[in-house]
J.: 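Let me give you the structure first, and then I'll get to my questions.
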Amino acid sequence: MAKYNVSVDVGGTFTDCVVMDEKGHTSIAKSLTTPIDPIKGVLDATLIAAEQRSISLDDLLKDTVRFIHGTTVGTNALTERKFAKVGLITTKGFRDTIHIGRMSSRFIGKTVRERLDWAPLVNPPHIISLDYVVEVSERVDMAGNIVVELNVEEAEQAIETLARKKIEGIAICFLWSFLNPTHEQKVKQMVFSKYPHIFCSISSEIAPVIGEYERMITCLLNCFVGPLLATYCANLERALREKGYRYPLMLMKADGGITTVEEVKAIPIVTLDSGPAGGTIGGRRLSRLYNRPNIICTDVGGTTFDVSLVAGSELEYDPEPNINQYSYTLPKVLIDSVGAGGSSIAWSDRGVLRVGPTSAGSNPGPACYDRGGEQPTVTDADLVLGYLNPDYFWGGRMKLKKEKAEGAIKRIADELNMSLIDTALGIRKVVDAEMADLTRRCTMERGYDPREFTLLVYGGSGPVHAWRYTEEAGVKEVIVLSNSSVFSAYGMQRAPEIYIANKSRPLIPPFTAATFNVINTTCAEVRDRIYSLFEARGIPKEEIRLRVFLFARYLLQSHEVMMEIPEVLERPLTEADIGMLQERFHATYEGIYGKDTALVGGGIEFMTFRAEGTREISLPPEPKATEGPQDASRALKSQRKAYFEEYGGFVPCNVYDGDKLENGMVLEGPSIVERMGDSVVIPPHVRGEVDQYLNIFLTRKEGS
Amino acid sequence: MSQVRKIDPATFQVVMHRLWSINNEQGLICTKISGSQIITECYDFNTALMNKNGDTIFIGQYNTTLASPIDAGTKWIIEHADELGGIHDGDVICYNDPWIGCPHANDLVGITPVFLDDELICWLGLSMHEIDIGGVWFGSWGFGFPEAQAEGVIYTPIKLVEKGVFKPNIERLLLRNSRTVIVNQLNLRARLGAFNFAKKRIYETITRYGKDTVLAILEQIKDYVRGAVRAKLRELPDGSWSESLYWDHDSIENKLFEGRLTLTKKGDRMTLDFTGTSPQAKGFINCTRVGLHGDIAVALLPALFYDLPWTAGVIKDICDVVIDEGTIFTATYPTPVGGAPVQCGTLAANLIFSCLNKMLASSNKYVSRASAGWAPFNGQLMSGLQHTGLPLMGLMLDGMAGGAPAYSYRDGVDVAGLLVVLFMKLANVERYEERFPLLTLYRRRGPETCGHGRFRGGVGLETAYIPYKNPIPLREQVCSASHALPAASAGIMGGYPSSNNLQNIARKTNVMEFFAKKQIPVHIDELNWERFEALEAKADVFIDGTDVWHLVVGGGCGYGDPLDRDPEAVRRDVQDDIYSIGTAKNIYGCILDPETLEVDLMATEEQRQKIRAKRLEEGKLVSEIVKKD
């Protein structure tokens, strides 16, 4: 009997599906996303994949052992403000915390350029109206001691006030609750005993870390999307079961792991903004497959360029994630974006050529789509420069109008007093530089050398530009993926089960035996939380890879640096370990900020403890293609002229058929590979080599 | 624009963008390394990238006052290179002289040249506010002293790193007089870390694009920005716009100091004429001419450079300054200037900002960019011991949480910060309590704080706290303004200024009785006290026990006549506790039903007519109201 792994990723336009059988052979499918009822799109895409294997949807699902799903239901609900009616209970005196927004919500998530023009910057629409925020007298201090006992009468009244407003959820966030959750737990119990149907989240459970604003937002977001996500997941699971699927539905989380519907029901916010993490997880898989520990994952879409890193085969987490200008605090794979993509619009800014951040989107899209778009885009420039085949866009499903592209570019060329071709080339160079800048920032700013990384490219507009921005960013090697248009869904198949538990416990010198007692207990607490989450899934400890981290800083600093403390898993730490911890901190610190920046001899303090448990999924290896000829002429499709600045103009180059590439073929630049969803441009000084997985490796030709 | 064409527009754009982000990123690195809350959260620092002549090409998005004077310091260094033993690759030069290149002595500046093959390419500068650099009081504000020597040690430029070799003896010298050695030391590391990073990236840019291209582009950025700003100025109407604003208390005398400005614009040039401004004060509120240079940038860059790089080096090409020596904006050595950036520096920036906005409001094309003024800083410096017994010294950020100004088409943003630091984050209460020995009773958007107007300013912050587990009494040095008269910034086109800044102490309160009854007081008036002290704009006091500290920060100023405000917007404000039903009646002329808050349109029209008639009868100029000595 066949055993399938199925993954479905719902994106803005397409729902992608990847089906892998027990031998590792995959089939991929795409269908249109159905925003009103996303489950329909999920089943449509799965059905198309089943048809490719000539089996029915029921047969496919009956033999599926794992169904993994990446959903945007929560993200969409927040963006479109269609979420549950929620009340917030907080410490008396702090009702305005969300509305004050740490004085920064008007610029959080904005780029440097957007911030410069600060007149239009305003706070985002309120996520909760003040009538739905109620205060209760209670107070805990910075050591976790109770200063003011919980005022139970006020708590009862608060719950009644909210219940009368017919709310669907209650978020509870008290000051210092991460050190002493008694009051939050007590109020939650009160809600549950009187209104068991109300979805209730407490901040000490969702995000037990220091910082009341971010903790409050996290707890609130959880309540907003919680009921909706819980229903959606339950419905999808039911729909799959009706078609014969027998195992738990697994959901993609923003931390790069997968989890069950049960956990999503408890902390739904873990799935928020999880889609792009699939690509990063795919990157991590390739990092292991190719034995390249450092990978830069780049996703070039129509409007944005996303970059994430796999460094030392590990994921990186976002220290300050935000959604719609609201900062929250949860483990989330760090993905940086810039508004640059195929549909980014080029314009003349007082005689200087600019590209983006405005985008023509997919409708009307670039001028060459001939759907009413008048402004020149990156795709128009790519077409004019000969990189795209107007008759083979999306495999020929769409015809591009070159004259429309030329007309649009000509208009700004006149303003810039430049030729048509120079302008098209300029557009390409500017967008490549922006992508290179972000790529560089994502490495150098975090203390990595881009030369030690391999760059992975996926997304529709990526392969045209890949080599140029890669070279510009100082990276030496590029992998253009064979399945680049469904790479996020591919990545999800390879996602491990990950659980992360954080707990803030501020500790300052002198570090006494009592301090180490707290360190050991807190580490045990986060560790046990991970074990219990896996235990609930029936997974034994032996299958879990557990790591413990400590966020520390120099005395008085406010940014922490994360370092691993594996010793604490072996034995309790004691006062004798302080030297080791300090040394490790100095080294980690200098690794990030450079020579002479560590303050050796300066005191350090500890802030947050983190345990991370990972259980890898065992899957059949990717099948290898049999070796073919080095000579690529069997895949040669035609010749056409394309612009290469190395030659100062248009030169004829080979055009290869992406479907006919074979393991071992060498593609000498200048050449172009036309594939179903994209075009790979190989510049003159670059060589492409097709490997056993039919991915194309681009490197600089020797001596060039 | 012809010069821009020498290098193709795409390369120009790419390299400009890269150098700009390098400058911003050195700031980012700096915040991560620094241990000072003033840096990491108030962003009281800034970065500059200058061409080889020391003209500023880019400044960072942090405290604008600090960035612009760095070029004056760099030019001083270029001029005095010989006495410094020459300028070499790998040098880092430090100084904190307000008469050379920073607003006040707390701002210790690091400057480093960037060389390639013995050729000077550009300069990098990083100015950071150090909490303490010596002087009579913790914090180096010379409260009550009439001389700069009381404010700490002033260092003229000196090499901390020479040809790449770090000099521990100079580090010791720079730290010896400070009461916050560890923090200052970390900040010195932050400068080095940021420079390491930025230089590495500049070298890469040169490797990629070539030295000559990068050098040419550094010059062309100036041409490009200058051309664009001049074009903008030509589009604005010619004319003169005036403003008078007042600052209270210099820490020696509690009196009003006047700042006066007439901005005249003709074609593509402006003249800022400060004639009539008060002579320099005895106490520490003055600023130097170099500091004034920075304050001009504070107002001018956001008003005119919002869609351009902040190339402060071109300001001198579009703007002449007329002012005598020895005023509150051009104090002479050794007049104290310790409070400059948040005192008369702010006053100068507010004056310029107000005149610029009146100019923008006079143009149909630019009226949507015209705003009223920001509330002034309501600062307080806390010192004492932490709960752990470690020494404590910090600036309370809450005093910077003023409201943003109203625009010609919308209300200002509530709790938004200061004009000088536009992108500042307010610390979480938990982060405060973890470090400062205090317990916050409440923190909210302050009622009755906004500047009224057809569009109102954003509200300021109100908070109250008690000392908590403090080993010794907490010392609070108040360094504020607008306590006596809310005239340090202005509403425009008929809009009102913001409310007064307040700092009060309720002595020996019954707060513990509340706690024992499982209650928390959330309004200062709920408490009983032995004595209530409404503090002046400068004060030096201690709190302890059950004393409650109460702080209210002014809101942003208003735009347009409040009598023109949509009555529905007034109703919404009253409902949201922005102001009372009485204010709605007296200032907005809006009559609301006290029960339902419904607007009585007839009565409102009548009330508004009554107010207009009264205004005609009683109207006076500010100069008639303000009594001068």
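Numbered from 1 within each chain, the chains take letters A, B, ... in sequence-line order.
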J.: Can you say whether B/Leu308 sits under 4.5 Å from chain A via the side chain, the backbone, both, or neither, judging by heavy atoms?
T.: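 The answer is both parts of B/Leu308.
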J.: Taking the six-membered ring of B/Tyr442 as reference, does the NZ or CZ atom of B/Arg444 fall below 6.0 Å from its centre and within a 45° cone about the axis?
T.: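 Ring-cation test returns yes.
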J.: Quick one: of B/Val522, B/Val14, B/Val429, who has the most non-hydrogen atom pairs under 4.5 Å with chain A?
T.: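 Of the options given, most contacts go to B/Val429.
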J.: Of the backbone (N, CA, C, O) and the side chain (C-beta and beyond), which part of B/His523 lies under 4.5 Å from a heavy atom of chain A, both, or neither?
T.: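 No part of it gets close to chain A.
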J.: Under 6.0 Å between ring centres: does that hold for A/Trp118 and B/Trp310?
T.: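 Not close enough - the centres of the two rings lie 6.0 Å or further apart.
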J.: Please state whether the side chain, the backbone, both or neither of A/Glu138 comes within less than 4.5 Å of a heavy atom of chain B.
T.: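 Contact with chain B involves the backbone of A/Glu138 alone.
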J.: Given the side-chain rings of B/Tyr224 and B/Phe12, with only the six-membered ring counted for Trp, is the space between their centroids under 6.0 Å?
T.: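 Distance test on ring centres: under 6.0 Å, yes.
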J.: With a 4.5 angstrom heavy-atom cut-off, could you sort out which part of B/Tyr407 is near chain A: side chain, backbone, both or neither?
T.: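 Contact with chain A: side chain only.
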J.: Compute whether any side-chain donor of one residue and acceptor of the other, for A/Asn322 and A/Ser327, lie under 3.5 angstrom apart.
T.: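 No, no side-chain donor-acceptor pair sits under 3.5 Å.
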J.: Please rank B/Phe423, B/Tyr468, B/Tyr306 by heavy-atom pairs under 4.5 Å with chain A and give me the top one.
T.: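 Max contact count across the listed options: B/Phe423.
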J.: Please tell me whether B/Gln26 and B/Asn23 have a donor and an acceptor in their side chains that are separated by less than 3.5 angstrom.
T.: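 Their side chains do contain a donor-acceptor pair, which is all the 3.5 Å distance test asks for.
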J.: So what's closer than 4.5 Å to chain A heavy atoms on B/Arg18: side chain, backbone, both or neither?
T.: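 Both the backbone and the side chain of B/Arg18 come within 4.5 Å of chain A.
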J.: So, A/Glu605 and A/Tyr554: side-chain donor and acceptor under 3.5 Å apart, yes or no?
T.: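 Their side chains do not contain a donor-acceptor pair, so the 3.5 Å distance test is not met.
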J.: Counting only non-hydrogen atoms closer than 4.5 Å, does A/Leu150 touch chain B with its backbone (N, CA, C, O), its side chain (CB onward), both, or neither?
T.: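 Contact with chain B is through the backbone of A/Leu150 alone.
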J.: Identify which of B/Val459, B/Leu441, B/Asp414 forms the greatest number of heavy-atom pairs closer than 4.5 Å to chain A.
T.: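 Looking at each of B/Val459, B/Leu441, B/Asp414 in turn, B/Leu441 comes out on top.
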J.: So, is the end of the B/Lys232 side chain (NZ or CZ) under 6.0 Å from the ring centre of B/Phe305 and within 45° of the ring's axis?
T.: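 That pair does not qualify as a cation-pi contact.
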J.: Could you list the residues that satisfy side chain to side chain donor-acceptor pair (under 3.5 Å) with B/Gln13, not counting sequence neighbours?
T.: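 Counting only residues at least two positions away or on another chain, B/Gln13 forms no side chain to side chain donor-acceptor pair (under 3.5 Å).
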J.: Is B/Tyr432 close to chain A through its backbone or its side chain, or both, or neither, when contacts mean heavy atoms under 4.5 Å?
T.: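 When you check distances to chain A, no heavy atom of B/Tyr432 falls under 4.5 Å.
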J.: Does A/Lys186 have more than 12 heavy atoms from other residues, nucleotides or ligands lying within 6.0 Å of its NZ?
T.: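 Atom NZ in A/Lys186 is not packed in, count stays at 12 or less.
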J.: Compute whether any side-chain donor of one residue and acceptor of the other, for B/Thr463 and B/Arg443, lie under 3.5 angstrom apart.
T.: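 No, B/Arg443 and B/Thr463 have no side-chain donor paired with an acceptor closer than 3.5 Å.
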J.: Using non-hydrogen atoms and a 4.5 Å limit, figure out which bit of B/Met424 sits close to chain A: side chain, backbone, both or neither.
T.: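 The answer is both parts of B/Met424.
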J.: Is chain B contacted by the side chain of A/Arg106, its backbone, both, or neither, given a heavy-atom distance below 4.5 Å?
T.: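 Looking at A/Arg106, just its side chain touches chain B.
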J.: What residue, out of B/Lys517, B/Met400, B/Met16, B/His387, has the most heavy-atom pairs lying under 4.5 Å from chain A?
T.: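 With the most close heavy-atom pairs to chain A, the winner is B/His387.
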J.: When heavy-atom pairs shorter than 4.5 Å are enumerated against chain A, which of B/Leu301, B/Val415, B/Asp307, B/Ile520 gives the highest number?
T.: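 Looking at each option in turn, the highest pair count goes to B/Ile520.
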J.: Please flag which part of B/Arg410 lies under 4.5 Å from any non-hydrogen atom of chain A: side chain, backbone, both or neither.
T.: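 For B/Arg410, side-chain heavy atoms alone lie under 4.5 Å from chain A.
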J.: With only heavy atoms counted, which part of B/Glu434 is less than 4.5 Å from chain A, the side chain, the backbone, both or neither?
T.: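 Answer is both: backbone and side chain atoms of B/Glu434 are under 4.5 Å from chain A.
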J.: Checking B/Phe514 against chain A: side chain, backbone, both or neither under 4.5 Å from a heavy atom?
T.: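 Neither part.
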J.: Is any side-chain heavy atom of A/Thr439 closer than 4.5 Å to a side-chain heavy atom of A/Pro450?
T.: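 Result no, sub-4.5 Å side-chain heavy-atom pair not found.
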J.: Considering only heavy atoms and a distance below 4.5 Å, find which of A/Glu472, A/His99, A/Glu434, A/Glu149 pairs most often with chain B.
T.: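 Between A/Glu472, A/His99, A/Glu434, A/Glu149, the count favours A/Glu472.
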J.: In terms of heavy-atom proximity below 4.5 Å to chain A, should B/Thr440 be classed as side chain, backbone, both, or neither?
T.: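 Both backbone and side chain of B/Thr440 come within 4.5 Å of chain A.
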J.: Under 3.5 Å, is there a donor-acceptor pair linking the side chains of B/Asp8 and B/Thr11?
T.: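 Side-chain D/A pair, B/Asp8 to B/Thr11: present.
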J.: Could you give the distance from CZ (A/Arg440) to CD (B/Glu25), rounded to the nearest 0.5 Å?
T.: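 If I round to the nearest 0.5 Å, the distance is 10.0 Å.
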J.: Is chain B contacted by the side chain of A/Met216, its backbone, both, or neither, given a heavy-atom distance below 4.5 Å?
T.: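 Neither part, no heavy atoms under 4.5 Å.
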J.: Relative to chain B, which segment of A/Tyr213 carries a heavy atom at a distance below 4.5 Å: side chain, backbone, both, or neither?
T.: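 Looking at A/Tyr213, backbone and side chain both touch chain B.
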J.: Given heavy-atom pairs under 4.5 angstrom as the criterion, report whether the side chain, backbone, both or neither of B/Arg445 touches chain A.
T.: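 Both backbone and side chain.
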J.: Below 4.5 Å from any heavy atom of chain B, which atoms of A/Ile210 appear? Answer side chain, backbone, both or neither.
T.: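 When you check distances to chain B, atoms from both the backbone and side chain of A/Ile210 fall under 4.5 Å.
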J.: Does the side chain of B/Phe436 come within less than 4.5 Å of B/Gln386's, by heavy atoms?
T.: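 Side-chain contact under 4.5 Å: no.
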J.: Heavy-atom cut-off 4.5 Å, strictly under: side chain, backbone, both or neither for A/Leu425 against chain B?
T.: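 For A/Leu425, neither part sits under 4.5 Å from chain B.
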J.: Tell me, for A/Asp349 versus chain B, whether the close heavy atoms (under 4.5 Å) come from the side chain, the backbone, both or neither.
T.: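 Both backbone and side chain of A/Asp349 come within 4.5 Å of chain B.
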